[in-house]
Amino acid sequence: MTEGAGLRDGGPPDDLTAAEAGMWQAFRNGTVYDLSSGDTVVDDPHGGHPWGPERTVRARIVCWLLLDGPPALAGRVSSLKLVGVRISGSLDIAGGTVVPYVEMRNCRFEQDVLLPEARFTTVRMVDCSVPRLEAARVHTEGDLHLPRCRFHRGIRLTDAQIGTDLMLNQAIVHRDRSGRSIAADGMSVGQDLQAELLESHGELSLRSAKIGVSLSLRGARLVNPYGRLALNAPQLTVERSLYLTPAGVGSVALSGTTPARGTRVQRFECQGGVRLDDGRFGDAVDLERARFTFTDEQELSLRRVQTPELRFLGDRPARGMVVLSGARVVNLMDRADAWPGPGRLHMGGFGYENLVPRGPFPLDARLDWVAAATAEYNPEPYERLASVLRAGGEDEDAREVLLAKQRRRRESLPVAAKLWGYAQDWTVAYGYRPGRAAVWMAVLWAASSVAFAQADHPPLKRGEHPPWDPVLFALDLLLPVIDLGQVGFWQLNGGWQWLAAVLVLVGWVLATTVAAGATRLLRRG
């Protein structure tokens, strides 16, 4: 048979090997072409056992089938479904349009797979060994599935457009020459990006990527000892949720769900910095039981993130920083032991509307949380916390927060102002405990009444004075504005004059404090 005659009637060219001829016929028939031996050790595409010519097809013939393959047999749909096949040479479909369905399982690629600017319906590569996947600006109408594959020199999906789902579950991806494991800047995924139990050795870059539903990194392990960031995803848009949470191990049915009690799970782990600055998440950012390992210079950066709910429920990082500056969330769900200590938390401009603590989170611990975020005095975090507590009906706790703000401010003042602050705190708690001011007034009234009762004070004018009453006289000195008709009629000399002046001054201070406290209570009521 000549090559021309074979192509006209759909038959294989004459120069095909036996393995390639079988693949050609399976393509026309739309059936699976399986060259595996049945021995799990030999068939492992990631193992070291050699696969001979009986399992090898040339990449050029695969490209021929995909780009310009023969017509399907009558009543069939042509498709390429390979199992246990070794592809020699570079699979290069750059810029091509592939109509047939493509699925490769347990295959071994000897050279890079090149798909830049190619167009597909659906591509599935499952448990394959690939030196590198180069697929910048690739376009699929359906899915791009790469589960359990191993990529030895990384994946490039820059500006790719995936019509439905991108799946990287249990894939193992090593870095390329630039230090990136997965370069997917500007990528668009129509539905879910699932990368559960992913192992990334290098920087996972998702800058300005757009995910139509959810992004799941459940149980993933991101490691980048070569650079500053393990996950670099500023301006990431996820229409629903980002999951950096545990994944169930050993059951496909558990994918995308919260593992049931008793299920063996693997946490999300990240060794290297995380950058999610300016991200937009439609439902939540979930860090349940996430484990971060940073150097002192690395950080979990959530600057200017916007999401209805932030679930900050991971392990406290031993080193590095957590940055929430400018972030905006509605519900902050957190645990007291999830936050880093002083100097390693930054929350300038961080806005939240509701606090939803998971487990005990007493007010003292919440104040420590605010103090940890303010190496230098900054009133904004205290005022934000007080506002949220007051909106939740916890007025007493809100006053404690504002009192803590004044005490923190006092530490930054000069010595004289600091001493005056201590006096205000000790006597009237900066006005946030007006009852204490009333107690002081009562004590001073009683003490000064006893003192004035110990001596007679002659009147200034005989016959033009009320009867001497030390109790009313002391009260008239303490109460500003109100005139009880006692002061101004008696001669006070020496120490008595000084005592009267002190009572007038203290009375003004305490009365003003009581009035300010009452005003705050009425305003909240």
Going through the distances and angles, do Asp43 and Ser37 end up as a side-chain hydrogen bond (donor to acceptor under 3.5 Å, both in side chains)? CA-CA 6 Å; Asp43 291 336; Ser37 67; 2.9 Å; yes

One pair to check against side chain to side chain contact (heavy atoms under 4.5 Å, CB included): Met167 and Asp165. What are the steps and the verdict? CA-CA 6 Å; Met167 182 180 289; Asp165 295 337; 5.7 Å; no

Using the rule given for salt bridge (charged side-chain N to carboxylate O under 4.0 Å, His left out), can you reason through Arg291 versus Asp315, listing the C-alpha separation, both sets of side-chain angles and the distance that settles it, and then say yes or no? CA-CA 5 Å; Arg291 182 178 293 154; Asp315 290 354; 3.5 Å; yes

Pair Ile211-Leu206, side chain to side chain contact (heavy atoms under 4.5 Å, CB included): steps then yes or no: CA-CA 10 Å; Ile211 312 301; Leu206 294 169; 6.0 Å; no

Could you give me the CA-CA distance, side-chain angles and deciding distance for Leu385 and Leu355, then say whether side chain to side chain contact (heavy atoms under 4.5 Å, CB included) is met? CA-CA 9 Å; Leu385 177 57; Leu355 289 171; 3.5 Å; yes

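Nearest heavy atoms, Pro246 versus Val265: CB-CB, 4.2 Å. Of all non-hydrogen atoms in Gly96 and Leu67, the two that sit nearest each other are CA-CD2, 3.9 Å. Nearest heavy atom pair, residue Leu217 against residue Ala195, reads CD2-CB, 3.6 Å. The minimum heavy-atom distance between Ala336 and Pro360, with the atom names listed, is CB-O, 3.9 Å. Considering every non-hydrogen atom in both Pro100 and Thr121, the closest pair reads O-OG1, 3.8 Å. Between Leu65 and Phe27, the shortest heavy-atom distance links the atoms O-CZ, 3.3 Å.
How far CG of Asp278 is from CZ of Arg304: 4.0 Å, rounded to the nearest 0.5 Å. Leu302 contributes atom CG, which lies 6.5 Å from atom CG of Leu310 (distance to the nearest 0.5 angstrom). In this structure, the separation between OG1 on Thr295 and CE on Met321 is 9.0 Å, given to the nearest 0.5 Å. Rounding to the nearest 0.5 Å places OG1 of Thr307 at 9.0 Å from CG of Leu242. Taking CG from Asp112 and CG from Asp92, the interatomic distance works out to 10.0 Å, rounded to the nearest 0.5 Å. Summarising the geometry, atom CD belonging to Gln170 is positioned 6.0 Å from atom CZ belonging to Arg148; distances are rounded to the nearest 0.5 Å.
Without hydrogens or angle criteria, Thr374 side chain to Val370 main chain gives a donor-acceptor distance under 3.5 Å. Not one N or O on the side chain of Arg335 forms a donor-acceptor pair closer than 3.5 Å with the backbone of Pro357. Using modelled atom types, no side-chain atom of Ser205 and backbone atom of Ala184 make a donor-acceptor pair closer than 3.5 Å. A donor-acceptor contact shorter than 3.5 Å links the side chain of Arg55 to the backbone of Leu35. Formation of a donor-acceptor pair under 3.5 Å by the Trp24 side chain with backbone atoms of Pro70 is not found in this model. A donor-acceptor pair under 3.5 Å links the side-chain atoms of Glu20 to the main chain of Thr17, judged by distance alone. Not a single donor-acceptor pair under 3.5 Å links the side chain of Glu383 to the backbone N or O of Glu380. Looking at Gln266, its side chain does come within 3.5 Å of a backbone N or O of Gly219 through a donor-acceptor pair. Side chain of Asp44 to backbone of His46: a donor-acceptor contact under 3.5 angstrom is found. Of the possible donor and acceptor atoms, one in the side chain of Tyr33 sits under 3.5 Å from a partner among the backbone N and O of Ala19.
Ring orientation note: the planes of His201 and His174 are close to parallel, at an angle under 30° on the 30°/60° scale.
By the 4.5 Å heavy-atom criterion applied to side chains, Phe151 and Ile172 are not counted as neighbours. Contact of the Leu300 side chain with the Phe312 side chain is registered, since non-hydrogen atoms from C-beta on lie closer than 4.5 Å. Annotation: side chain of Phe281 is in contact with side chain of Leu236 (closest heavy-atom distance under 4.5 Å). Taking the side chain as every heavy atom from C-beta outward, Val401 and Leu389 approach each other to under 4.5 Å. In this structure the side chain of Asp143 reaches within 4.5 angstrom of the side chain of Arg124, judged on heavy atoms. A heavy-atom distance below 4.5 Å is found between the side chains of Pro340 and Leu345. Considering only heavy atoms from C-beta on, Cys128 stays 4.5 Å or farther from Pro45 through its side chain. Phe268 is not listed as a side-chain neighbour of Arg218, based on a closest heavy-atom distance of 4.5 Å or more.
By the 4.0 Å N-to-carboxylate-O rule, Asp176 lies too far from Arg153 to be salt-bridged with it. Using a 4.0 Å cut-off between charged nitrogen and carboxylate oxygen, Asp185 and Arg207 count as a salt-bridge pair. In this structure, Arg311 does not pair ionically with Glu288, as no charged nitrogen and carboxylate oxygen lie closer than 4.0 Å. Under the 4.0 Å criterion applied to side-chain N and carboxylate O atoms, Glu297 and Arg228 are not assigned as salt-bridge partners. The residues Arg175 and Glu203 are annotated as not salt-bridged, no charged nitrogen and carboxylate oxygen being separated by less than 4.0 angstrom.
Judged purely by distance below 3.5 Å, without hydrogens or angles, the side chains of His145 and Asn169 never pair a donor atom with an acceptor atom. Donor-acceptor pairing under 3.5 Å is recorded for the side chains of Asp34 and Ser36. Side chains of Tyr101 and Glu103: a donor-acceptor N/O pair is present below 3.5 angstrom, by distance only. With hydrogens and angles left out, the side-chain atoms of Ser88 and Glu110 include no donor and acceptor closer than 3.5 Å. If you check the side chains of Asp286 and Thr245, you find no donor sitting under 3.5 Å from an acceptor. Checked by atom type, the side-chain pair Ser129/His152 shows a donor-acceptor distance below 3.5 Å. In the model, Asp277 has a side-chain atom that pairs as donor or acceptor with a side-chain atom of Ser301 under 3.5 Å. Inspection of the Ser216 and Glu196 side chains reveals an N or O donor paired with an N or O acceptor under 3.5 Å.
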Please tabulate, one pair per line, all N/O donor-acceptor pairs under 3.5 Å involving side-chain atoms of residues 325-334, not counting sequence neighbours.
from: Arg328; atom 1: NH1; to: Gly349; atom 2: O; distance (Å): 2.4
from: Asn331; atom 1: OD1; to: Asn354; atom 2: ND2; distance (Å): 3.0
from: Asp334; atom 1: OD1; to: Arg366; atom 2: NH2; distance (Å): 3.3
from: Asp334; atom 1: OD2; to: Trp339; atom 2: NE1; distance (Å): 3.0
from: Asp334; atom 1: OD2; to: Arg366; atom 2: NH1; distance (Å): 2.7

Side chains of residues 154-163: which donor-acceptor partners sit under 3.5 Å, not counting sequence neighbours?
from: Arg156; atom 1: NH1; to: Glu134; atom 2: OE2; distance (Å): 3.1

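With respect to Val98, the side chain to side chain contact (heavy atoms under 4.5 Å, CB included) criterion is satisfied by exactly one of Leu66, Leu115, Thr122: Leu66.
No more than 12 heavy-atom neighbours from other residues, nucleotides or ligands sit within 6.0 angstrom of CZ on Arg240.
In this view, Arg108 satisfies the salt bridge (Lys or Arg N to Asp or Glu O under 4.0 Å) rule with no residue, not counting sequence neighbours.
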